[in-house]
Number of protein chains: 2
Amino acid sequence: MRAAYQAILWILATFAFANQAHAETGYDLWLRYQPLDASTVQRVAPKLRYVVADGSRPTIRAALDELDRGLAGLIGSAPAHASAVRGEGGVVLATAGSPLLAGMKLPLAALGREGFLLRTTTIGGAKVTLIAANSDTGLLYGSFRLLKLLQLRAPIDALDVQDAPKLQLRVLDHWDNLDRYVERGYAGQSLWDWQKLPGYKDPRYTDYARANASIGINAVVPNNVNANADILTAPYLQKVKALAEVFRPYGIRIYLTARFSAPIEIGGLKTADPLDPAVRAWWKAKADEIYAVIPDFGGFLVKANSEGQPGPSDYKRSHADGANMLADALAPHGGVVMWRAFVYSEHNDADRHKQANDEFVPLDGKFRDNVLLQVKNGAIDFQPREPFHPLFGAMPKTPLMLEVQITKEYLGFATHLAYLGTMWEEVLESDTFRPRAGSTVAKVLETPVAPKALTGMAGVANIGTDVNWSGSQFDQANWYAYGRLAWDPDAKAEDIARDWARLTWSPDPAVVTPIVAMMLESREAVVNYMTPLGLGHVMATGHHYGPGPWVSDLARPEWNPTYYHRADADGIGFDRTPTGTNALGQYAPQVAKRWGDLKTVPDSLLLWFHHVPWDYRLRSGETLWNSLIAHYDTGIATVEGMQRRWAGLEGKVDARRWAEVRDFLAIQRQEAQWWRDASIAYWQSLSKRPLPAGHLAPPRPLSYYEAIRTPHAPGNGK
Amino acid sequence: MRAAYQAILWILATFAFANQAHAETGYDLWLRYQPLDASTVQRVAPKLRYVVADGSRPTIRAALDELDRGLAGLIGSAPAHASAVRGEGGVVLATAGSPLLAGMKLPLAALGREGFLLRTTTIGGAKVTLIAANSDTGLLYGSFRLLKLLQLRAPIDALDVQDAPKLQLRVLDHWDNLDRYVERGYAGQSLWDWQKLPGYKDPRYTDYARANASIGINAVVPNNVNANADILTAPYLQKVKALAEVFRPYGIRIYLTARFSAPIEIGGLKTADPLDPAVRAWWKAKADEIYAVIPDFGGFLVKANSEGQPGPSDYKRSHADGANMLADALAPHGGVVMWRAFVYSEHNDADRHKQANDEFVPLDGKFRDNVLLQVKNGAIDFQPREPFHPLFGAMPKTPLMLEVQITKEYLGFATHLAYLGTMWEEVLESDTFRPRAGSTVAKVLETPVAPKALTGMAGVANIGTDVNWSGSQFDQANWYAYGRLAWDPDAKAEDIARDWARLTWSPDPAVVTPIVAMMLESREAVVNYMTPLGLGHVMATGHHYGPGPWVSDLARPEWNPTYYHRADADGIGFDRTPTGTNALGQYAPQVAKRWGDLKTVPDSLLLWFHHVPWDYRLRSGETLWNSLIAHYDTGIATVEGMQRRWAGLEGKVDARRWAEVRDFLAIQRQEAQWWRDASIAYWQSLSKRPLPAGHLAPPRPLSYYEAIRTPHAPGNGK
């Protein structure tokens with residue numbers, strides 16, 4: 001007996017060391033499946049002894065694999081696989097029409113193609129956990145949900161969960177070039193090793209698909225919107241096919257960006273005019289070719305006539321002409337076009353804020369049914385804070401997708417902790433008042449413009465080859481939150497943060513509470529030390545790393561920070577009221593009225609819509625100048641608070657990830673100071689005002705900050 | 001009792017699954033430390049109970065960490081740490097002069113600064129395993145050796161090992177740009193995350209240092225020889241310092257490439273003339289600045305006046321003028337200059353093979369003592385086979401380093417299995433006959449040109465952020481073999497392959513034997529399907545991926561494959577005998593005679609030195625044409641043989657790595673066919689001869705192969 005116990009102790013010691021040696025890197029994301037405590041195992045294991053499922057179907061096979069992996073981790077043993085109920089402790093996966101569901105009256109019709117039902121019930125006299133759905137993908141989603149409930153220590157003895165996505169297309173856009181350079185990427189190279197595809201499928205592709213499926217992402221665009229037509233050539237389609245085969249069992253369809261001039265570049269035509277019959281025939285043949293290779297191909301994502309990309313305007317055609325040509329080529333195969341509304345032109349003197357609206361509103365109703373217009377959350381470009389895009393609610397006949405940027409191009413890259421759930425929630429909750437009060441952006445997205453019309457959301461991925469996938473541990477939360485919000489745009493950022501923290505770090509409330517607090521305060525910290533009070537686009541040129549509010553010498557006016565802040569000796573801010581560009585006129589009257597009136601505009605959007613004197617009094621009674629300075633210091637103080645919270649978690653989370661976050665927070669603290677000092681030095685050179693009491697002057701002259709160059713900062717466009 | 005056993009079984013099952021879940025990725029390289037079998041553990045564990053060492057010294061701390069990690073993995077428990085011998089089972093680490101060694105007569109003097117001694121002996125009446133050395137680095141090397149012996153299941157009860165490196169500088173050159181792009185890199189991005197340095201030191205840097213130290217590499221150049229002067233600016237030196245701090249405990253010094261025009265680019269000078277006093281003062285001040293930040297900085301590596309890089313010739317100065325200026329700046333700090341001999345010019349009509357010799361031989365004796373000339377293994381550029389570089393043996397007053405390319409720029413990138421140990425062995429064993437017969441390249445490297453003169457070897461790294469480090473499992477062997485040969489240029493490629501296979505895959509002879517066989521035949525396979533019979537430089541342009549023997553339209557003659565093979569209707573090959581360019585005249589007469597005579601030149605170098613008719617009869621009696629075709633098919637057959645050997649290992653090695661190698665071999669097979677078909681189609685267009693019986697014609701016309709474009713192939717120069 002003693003020998004046996006000694007053996008146990010020896011084995012346990014070995015096991016503990018093995019675990020320690022495999023320090024957590026973050027690779028496992030929110031699917032860590034760490035062992036549950038013994039009492040929980042005792043409670044749940046008897047209910048998870050075996051799984052009844054048809055493993056011959058690829059997506060059900062994926063669900064089984066995940067249940068095996070998850071339960072082996074959580075309760076220490078993978079379930080048996082069975083073809084029929086054989087007593088207590090079964091998990092049953094069944095789609096509508098399965099004999100297993102005979103006699104049950106399940107509300108499957110309401111769940112749609114991808115929803116699922118998770119219920120404790122009785123089959124053949126045995127109490128089982130039933131996962132039911134209208135499709136195998138629904139079963140996969142239900143399996144992930146069951147594993148999530150276990151990870152969260154939720155009771156599973158009286159389950160009654162129904163869930164279905166509120167949007168149809170839940171898309172991840174990768175801005176990845178074919179040489180694996182990732183535009184605006186801060187997490188290593190592109191995951192897609194095109195050189196080795198199709199001959200070698202990195203096992204990581206499967207882990208990527210698992211992660212996406214676990215949060216309901218069902219569409220992937222692997223290549224950059226600044227597109228290269230080579231992706232549409234036959235050799236690359238074979239590579240894309242290999243990826244599609246990995247993704248398919250996980251309910252994920254692949255889409256590609258289509259370079260509008262591809263008929264010229266790889267087709268040998270002299271034009272890409274969308275009304276030219278040869279061009280139309282070329283795209284039709286290309287679509288046929290793609291579907292012959294990838295039968296469930298999703299369709300095209302297009303950036304046209306923006307930032308140098310070719311498009312229909314090159315031929316004096318409208319965006320509808322361009323999108324519809326592609327839509328017609330895809331329609332016979334069920335494909336869709338996601339056409340980006342991020343359009344502004346160097347030949348247009350109008351406020352950049354207004355240009356997309358001017359361009360697209362007149363086209364409402366002119367797009368084919370299989371076209372979605374993909375609209376960024378704000379009218380400029382993924383700033384730390386922007387008001388919602390005026391197109392939302394303005395095109396009642398056109399399916400609009402929301403495009404958000406998961407990668408933190410304008411929020412400090414990977415080393416700044418900034419949870420974006422709160423930012424996206426702010427946009428989704430914004431009331432467009434179109435057609436009526438309560439028509440939030442979320443409602444605009446969720447409400448099909450016609451029966452069977454498309455709905456969707458797109459997120460620009462923050463994923464690369466870094467072992468932690470996203471460049472930082474906390475940036476994983478933004479991938480996670482994007483997926484959750486694309487599934488349910490009404491979900492709460494705080495709930496999502498809490499789920500993520502529990503899954504990713506620890507179920508211990510002493511860990512979860514401070515992490516959630518950090519996440520919820522983090523984005524506002526970035527706003528405060530980068531772009532307080534409605535400022536925007538004041539980052540350094542090109543790579544957008546660090547401050548550059550003084551930059552005024554770029555070729556196009558709207559590339560210069562000075563275009564956006566319009567600061568001078570008298571004041572600061574962009575007048576977008578009727579006395580200025582009247583971009584506000586593009587919003588519903590209720591919105592325009594509130595934001596156009598200095599008495600009602602929120603301080604957080606003040607300088608976005610108004611130009612005010614430095615001594616302007618905010619409603620708080622403080623001057624704009626003093627408040628501006630205070631915001632910068634508040635931003636820094638918040639980061640310091642995050643550092644303190646994190647210091648308190650030492651030893652409560654694994655050492656490797658803890659140290660990484662500690663180091664990143666120190667970098668963030670340092671760069672917040674850089675932002676603050678450089679910005680204040682510049683504003684002060686214009687305002688000529690002293691800093692309010694209690695705020696330290698920047699330690700260096702403005703020229704020092706202006707001279708800082710970071711030529712090799714990652715992610716710049718190429 | 002039954003409960004206890006059940007618990008053991010349950011724990012074992014869990015552990016087994018956990019191991020399975022952590023499938024091997026290759027990240028652990030040859031330092032896997034997998035559990036030894038029970039009988040071996042029983043034999044060795046009692047001898048490894050505790051370690052006596054001064055853990056306050058950083059390098060000894062590193063040795064202790066490695067022993068902890070290694071023994072925990074191998075025998076299941078990390079050793080105790082002790083400050084004195086306390087009975088049987090100790091491992092004692094002691095440097096010369098330690099009281100622990102009092103009374104022992106150890107041959108430490110002969111071991112040099114980095115050698116070590118590993119001996120079973122008695123201290124204080126107890127039998128211990130002693131690791132002794134003249135430096136802490138020697139102790140670290142000895143600790144790695146002990147762990148290696150354990151991994152190889154060698155007996156450790158009567159140890160008596162002495163070893164010391166035969167070369168002083170064992171350098172890894174990374175051709176990594178500051179934006180993390182790796183020139184000729186096929187293993188992901190650069191490891192060096194400059195954006196996050198110095199604030200964040202990726203734990204992987206430590207694993208990199210461990211791997212290097214385990215094979216004796218003691219110098220790292222982290223940045224590209226096609227250099228960017230920014231690395232020498234103050235912000236980057238802080239980043240380099242952070243890397244140096246990680247590397248220092250592992251006995252590794254950091255060096256940097258110096259862009260010759262840095263005084264202009266970052267110094268604000270108008271010239272970089274090495275004889276200009278302001279330039280000399282700038283470099284001196286720069287060296288002082290670097291050493292103030294990194295006290296053990298190693299020195300500079302320089303590529304000058306080659307392929308567009310600036311250099312002393314821009315000012316009509318010699319390479320010695322340039323190197324000596326930098327050497328003078330470094331000398332007060334003990335730094336060295338590694339000056340590359342890879343120099344050829346577009347203004348020089350001489351056979352490229354001859355240019356380096358012409359340039360450097362007259363400078364013999366003109367370099368400072370702290371300059372080494374870094375010479376590629378061959379006179380052209382890292383081809384699958386080249387004769388040794390004529391500079392070896394030709395500069396008796398100048399320390400020469402051998403530079404080899406670990407990354408497989410010209411050998412199929414990461415997916416072609418090609419063990420380079422045999423290639424380097426072939427070069428190292430080549431007899432230069434200078435000053436006498438038996439003066440092999442290895443001897444030239446090992447023999448200091450004067451007492452205390454420098455010696456060294458450099459390898460161009462194949463390391464990146466891929467989880468397996470090198471882009472493929474088998475490419476790890478080339479990193480390993482490079483380190484082993486830099487330590488001992490007389491080591492045998494087969495021994496190294498066997499060690500690597502046992503450490504990396506399995507101690508099972510049924511695994512080791514076929515793997516070693518594959519490795520030993522692999523490089524010749526590549527020679528056969530790419531560049532048989534002494535051909536060279538027939539790869540596609542720029543990226544060098546795939547065949548391009550037809551290319552003849554590049555700006556500089558020596559960039560064109562046609563320059564190298566000189567094939568036409570009559571024959572093929574480059575006449576480098578006295579009737580041609582007489583590059584052979586740069587070798588010792590014995591060499592020139594053997595290779596210059598058609599009766600004695602080996603077939604493997606025939607076309608490197610001779611232009612012969614297609615119907616030329618080899619000594620075997622076969623015609624050149626028939627033999628050429630046969631070589632291509634032999635290459636393919638060898639790859640097929642490797643596939644068969646590998647198929648036999650399924651289930652004998654871990655599944656994930658096995659599958660990766662299987663897929664890569666399939667890619668290699670396919671690309672070998674591409675090489676064969678394209679090359680034969682082209683040669684046949686010139687020779688107009690039918691294929692010999694039994695050899696299939698290329699399935700497509702030459703135009704098909706010529707039209708293949710791979711614009712996004714990795715690693716191209718940028």
For this session: Give me the one residue out of Ile231(A), Leu178(A), Asn177(A) that meets side chain to side chain contact (heavy atoms under 4.5 Å, CB included) with His712(B).
Result: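 Only one of Ile231(A), Leu178(A), Asn177(A) forms a side chain to side chain contact (heavy atoms under 4.5 Å, CB included) with His712(B), namely Leu178(A).
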Could you tell me the separation between the [atom1] atom of [X] and the [atom2] atom of [Y], rounded to the nearest 0.5 Å?
| X | Y | atom1 | atom2 | answer |
| --- | --- | --- | --- | --- |
| Tyr186(A) | Gln195(B) | OH | CD | 9.0 Å |
| Tyr27(B) | Thr25(A) | OH | OG1 | 9.5 Å |
| Ile667(B) | Lys196(A) | CD1 | NZ | 8.0 Å |
| Gln189(B) | Thr465(A) | CD | OG1 | 5.5 Å |

Interchain contact, [X] with chain B, by part (heavy-atom threshold 4.5 Å):
| X | answer |
| --- | --- |
| Pro714(A) | both |
| Ala713(A) | both |
| Gln670(A) | neither |
| Tyr236(A) | side chain |
| Ala414(A) | side chain |
| Phe413(A) | side chain |
| Pro711(A) | side chain |

For this session: Specify which of Arg662(A), Arg180(A), Arg656(A) makes the most heavy-atom pairs with chain B at under 4.5 Å.
Result: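 So the answer, after comparing Arg662(A), Arg180(A), Arg656(A), is Arg656(A).
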For this session: Find the one option among Asp193(A), Val467(A), Asp179(A) whose heavy-atom pairs under 4.5 Å with chain B are most numerous.
Result: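 Highest number of pairs under 4.5 Å: Asp179(A).
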Exercise. Given the options Asn716(B), Thr233(B), Asn228(B), Asp202(B), which has more heavy-atom pairs under 4.5 Å with chain A than any of the others?
Worked result: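 Heavy-atom pair counts peak at Asn228(B).
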Exercise. Above 12 or not: heavy atoms from other molecules or residues under 6.0 Å from CD of Gln42(A)?
Worked result: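 Not more than 12 within 6.0 Å, no.
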